[in-house]
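Worksheet for the structure shown next.
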Amino acid sequence: MLTPSSNTVLEPATNALVAPISDKVSVHFGRFRVTRIALDGDSDQQFADDAILGAADLLADARPSLIAWNGTAASWRGFDIDDRLCAMIEERTGCPATSAIVGLNEALALFGVRRLGLVTPYTEDVEQAIAANYARIGVKVVAARRSDLSDNYAFATIGAATVREMCREVASEGAEAVAVVCTNMRGPLVARAVEDEYNVPVIDSIAVTLWTALRKLGLDTAPLARFGRLFAAGAG
């Protein structure tokens with residue numbers, strides 16, 4: 001997993017999710033510097049190819065079966081960015097590659113989602129950019145909640161109970177699925193409770209990165225179904 005440097009939720013959450021199949025899979029992490037999320041050049045520069053590919057080179061030394069970019073920048077920067085990045089990682093390292101947003105879009109297609117509830121820690125302009133990108137592929141954001149933060153480290157300070165309530169609110173407003181778009185937000189372990197209450201899938205960015213990685217490797221995700229419908233959907 002390629003990880004934003006200031007994330008503190010992603011690693012422990014991923015290890016909690018993968019625990020039921022830890023006899024089959026191990027997850028390893030490499031960081032590159034990401035500290036702020038905004039729609040400006042300084043923020044964009046954090047996601048420059050050289051920085052990400054350098055981190056991928058170091059991960060490749062551990063001979064992983066797959067490298068996943070566990071970040072959501074393509075949701076506001078453009079989905080094609082992750083398609084291109086994954087291709088570059090594969091060419092450079094010889095490892096298959098995927099990303100959180102590649103996985104999220106796969107999951108939305110699998111569930112047939114056209115009306116999406118969006119939960120993020122971001123500012124309004126970032127939220128609107130995400131909604132616009134989804135509108136271009138026929139997915140309408142019909143409800144959204146955000147925390148209006150830009151400091152990446154601060155995203156982790158939003159408590160799980162708050163994230164759960166944000167998910168509940170958008171689930172109650174006619175969404176066919178809820179997407180928690182951020183890999184430093186405490187969504188993975190609240191998803192199942194919201195699903196059980198509102199009967200809609202909750203697709204968290206950390207969880208979906210693991211899900212798409214396991215699927216790309218041909219591994220069964222069903223043993224992780226306790227964490228949500230995502231892992232039961234299209235298992236293996």
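All values below come from the heavy atoms of this structure, side chains included, with hydrogens, waters and symmetry mates left out.
Here the side chain of Tyr122 pairs a donor or acceptor atom with the backbone of Val181 at under 3.5 angstrom. In this structure, Asp82 contributes its side chain and Val102 its backbone to no donor-acceptor pair below 3.5 Å. Side-chain atoms of Thr183 come within 3.5 Å of backbone N or O of Asn70 as a donor-acceptor pair. Arg115 places a side-chain N or O within 3.5 Å of a backbone atom of Gly174 that can act as its donor or acceptor partner. Proximity of a side-chain donor or acceptor of Thr212 to a complementary backbone N or O of Val208 within less than 3.5 Å is not detected. Looking at Glu91, its side chain never comes within 3.5 Å of a backbone N or O of Met88 through a donor-acceptor pair. In terms of modelled atom types and a separation under 3.5 Å, the side chain of Ser5 and the main chain of Val34 share a donor-acceptor contact. Between the side chain of Ser75 and the backbone N or O of Ile130 there is no donor-acceptor pair closer than 3.5 Å. Trp211 contributes no side-chain N or O that, together with a main-chain N or O of Gly103, makes up a donor-acceptor pair within less than 3.5 Å. No donor-acceptor pair closer than 3.5 Å links the side chain of Glu127 to the backbone N or O of Ala144.
For the pair Ser65/Pro96, no side-chain contact is recorded, criterion being any heavy-atom separation below 4.5 Å from C-beta on. Annotation: side chain of Trp76 is not in contact with side chain of Ile81 (no heavy-atom distance under 4.5 Å). Looking at Met185 and Val9, their side chains never come closer than 4.5 Å, going by heavy atoms from C-beta outward. Looking at heavy atoms from C-beta onward, Pro4 lies out of side-chain contact with Phe32 at the 4.5 angstrom threshold. In this structure, the side chains of Ile21 and Leu224 come closer than 4.5 Å at one or more pairs of heavy atoms. Two residues are said to be in side-chain contact when any heavy atoms from C-beta on lie closer than 4.5 Å; Thr209 and Met1 meet this criterion. No side-chain heavy atom of Glu165 sits under 4.5 Å from any side-chain heavy atom of Thr162. Using a 4.5 Å heavy-atom cutoff, the side chains of Val119 and Asp204 are not in contact.
Note that the CD1 atom of Ile67 and the SG atom of Cys95 stand 4.0 Å from one another [nearest 0.5 Å]. Rounded to the nearest 0.5 Å, atoms CD1 (Ile206) and CG (Asn7) are 7.0 Å apart. Note that CG of Leu104 is 9.5 Å distant from OG1 of Thr72, once rounded to the nearest 0.5 Å. Going from atom NZ of Lys24 over to atom CG of Leu214 covers 11.0 Å, rounded to the nearest 0.5 Å. The distance from atom OG of Ser22 to atom CG of Asn15, rounded to the nearest 0.5 Å, is 9.5 Å. Atom OG1 of Thr123 and atom CG of Leu149 lie 9.0 Å apart (nearest 0.5 Å).
Using modelled atom types, one finds a donor on one side chain and an acceptor on the other under 3.5 Å when comparing Asn105 with Tyr134.
Phe29 and Tyr153 end up in different hydrophobic clusters when Ile, Leu, Val, Met, Phe, Trp and Tyr side chains are linked at under 4.5 Å. Put simply, Leu210 and Val25 are part of the same group of oily side chains (I, L, V, M, F, W, Y) that touch within less than 4.5 Å, one to the next. Put simply, Val142 and Leu118 are part of two different groups of oily side chains (I, L, V, M, F, W, Y) that touch within less than 4.5 Å, one to the next. In terms of hydrophobic clustering, with Ile, Leu, Val, Met, Phe, Trp and Tyr side chains grouped at heavy-atom distances under 4.5 Å, Leu58 and Ile52 are assigned to different clusters.
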Item to complete: In sequence, state the C-alpha distance, the side-chain angles, and the governing distance for Arg92 and Asp57, and then conclude on salt bridge (charged side-chain N to carboxylate O under 4.0 Å, His left out).
Response: CA-CA 8 Å; Arg92 184 167 174 133; Asp57 285 343; 2.7 Å; yes
Worksheet entry | Verdict with reasoning, Arg146 to Glu124, per salt bridge (charged side-chain N to carboxylate O under 4.0 Å, His left out) | CA-CA 8 Å; Arg146 64 180 186 275; Glu124 183 178 10; 3.7 Å; yes
Worksheet item: Stepwise, does the salt bridge (charged side-chain N to carboxylate O under 4.0 Å, His left out) test hold for Glu106 with Lys216?
Response: CA-CA 11 Å; Glu106 289 173 352; Lys216 196 171 180 72; over 6 Å; no
Practice prompt. Apply salt bridge (charged side-chain N to carboxylate O under 4.0 Å, His left out) to Glu197 and Arg192, showing your working.
Written response: CA-CA 9 Å; Glu197 185 175 1; Arg192 179 63 184 270; over 6 Å; no
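For Phe79, the CZ atom is densely surrounded, since the number of other residues' heavy atoms within 6.0 Å is greater than 12.
Relative ring orientation between Phe47 and Trp69 is described as tilted, the plane-to-plane angle lying within the 30° to 60° band.
Salt-bridge formation is detected for the pair Arg77/Asp44: a Lys NZ or Arg NE/NH1/NH2 atom is positioned less than 4.0 Å from an Asp or Glu carboxylate oxygen. At a threshold of 4.0 Å, the pair Glu173-Arg145 counts as salt-bridged, since one of the basic side-chain nitrogens sits closer than that to a carboxylate oxygen.
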